[in-house]
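This one's a predicted model, so the numbers in the text were calculated from it and none came from an experiment. Index from 1, following the sequence. Just follow the structure's listing: the first ligand is 1, and inside any ligand the first atom is 1.
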Amino acid sequence: MSLKVEDLSVRFLTGPVPEGASLSVQFGEIVGLTGNSGAGKSLVAKALAGALPPNATRTGKITIDGAPVDPRRIALAPQRLDALDLLAQVSRQNQRFARLAGRSANVSGALAGVGLPAETTRLYPHELSGGMARCVLLVTALATGADWIVADEPTVGPDEATAGRILSLLADLSIGGRGVNFFRMTLSVW
Ligand SMILES: Nc1ncnc2c1ncn2[C@@H]1O[C@H](COP(=O)(O)OP(=O)(O)OP(=O)(O)O)[C@@H](O)[C@H]1O
Ligand code: NI
């Protein structure tokens, strides 16, 4: 299977960002997208998952094996931590996403995979550190069981050991056959 983005532009009143982005990911492959802050990486991620803001207009093609993509096949672990539901414990958010996809979630097992203790399931977002919240966003996206995973800056926040665990989890998933697309900002050096 192959996921393709061709000539993608997202337009706001202020103009198009990104302009004419193209990429392709084979099933089981990890593809990273880099760019400076504001280049439009997160907009590409949101376009893939069908989660663009309502004031955005999208042009260009997003296809899987040539057919228009069903965004439910693509799970997004968003960049912004405020994507978590402030009123729901970690276990509830996970189960909700799993249920929407017709699955059941092993929340504590999934959290253990990124090094978080089982008690994390009972916490609300305001009780999580930034790094923990990042892990919860990823685990929540994975709970959908979607074939394709888009992780937007998945290692920003957690300590080095946890970031390493996140990257090996993504690598294991791709070895297991899920397409992974991950986004990371390039640091400008001058
Ligand atoms: N809802 C919106 N309305 C108007 N402009 C927006 C909206 N969302 C994003 N933008 C603009 O689109 C541009 C790209 O944003 P995006 O979040 O994709 O950048 P990015 O490459 O992910 O940056 P970063 O590395 O800082 O996360 C920015 O200039 C941003 O201001
Ligand atoms: Ni971003």
In sequence, state the C-alpha distance, the side-chain angles, and the governing distance for Arg80 and Asp152, and then conclude on salt bridge (Lys or Arg N to Asp or Glu O under 4.0 Å). CA-CA 9 Å; Arg80 292 184 57 126; Asp152 193 349; over 6 Å; no
Considering only heavy atoms of Val17, which atoms of ligand 1 have at least one such atom less than 4.0 Å away? 12 (O), 13 (C)
From the candidates Ala39, Ala45, Ser42, the one that places a heavy atom nearest atom 22 (O) of ligand 1: Ser42
May I ask you to check if any N/O/S atom from Gln79 comes under 2.8 Å of the Ni ion (ligand 2)? yes
Side chains of Leu170 and Leu138: does their closest heavy-atom pair fall under 4.5 Å? yes
Please state whether Asp152 comes within less than 4.0 angstrom of ligand 1, counting heavy atoms only. no
May I ask you to check whether Thr14 has an N/O atom sitting below 3.5 Å from an N/O atom of ligand 1? no
So if I count the atoms of ligand 1 from 1 in the order they appear, which ones are less than 4.0 Å from some heavy atom of Pro53? 1 (N)
Is Glu153 in contact with ligand 1, taking contact as a heavy-atom separation below 4.0 Å? yes
Is the closest heavy atom of Gly40 to ligand 1 under 4.0 Å? yes
Just do the salt bridge (Lys or Arg N to Asp or Glu O under 4.0 Å) check on Arg178 and Asp147 with the steps written out, would you? CA-CA 5 Å; Arg178 283 161 87 177; Asp147 289 337; 5.8 Å; no
Against heavy atoms of Gln79, which atoms of ligand 1 measure under 4.0 Å? 22 (O), 27 (O)
Ile62 vs Lys4 side-chain heavy atoms within contact, under 4.5 Å: no
Are Arg73 and Ile64 packed together at the side-chain level, in the sense that at least one heavy-atom pair is separated by less than 4.5 angstrom? yes
Minimum side-chain heavy-atom gap Cys135-Leu116 below 4.5 Å: yes
Heavy atom to atom 26 (O) of ligand 1, shortest distance: which of Gly38, Ser37, Pro16, Ala47 holds it? Ser37
With a 4.5 Å limit on heavy-atom distance, are the side chains of Phe12 and Pro53 in contact? yes
For the 3.5 Å polar cut-off, considering only N or O atoms, please tell me whether Gly35 and ligand 1 meet it. no
No-hydrogen, no-angle side-chain donor-acceptor test under 3.5 Å, Asn94 and Ser91: no
Where ligand 1 meets Asn36 - atom numbers and elements under 4.0 angstrom, heavy-atom basis: 21 (O)
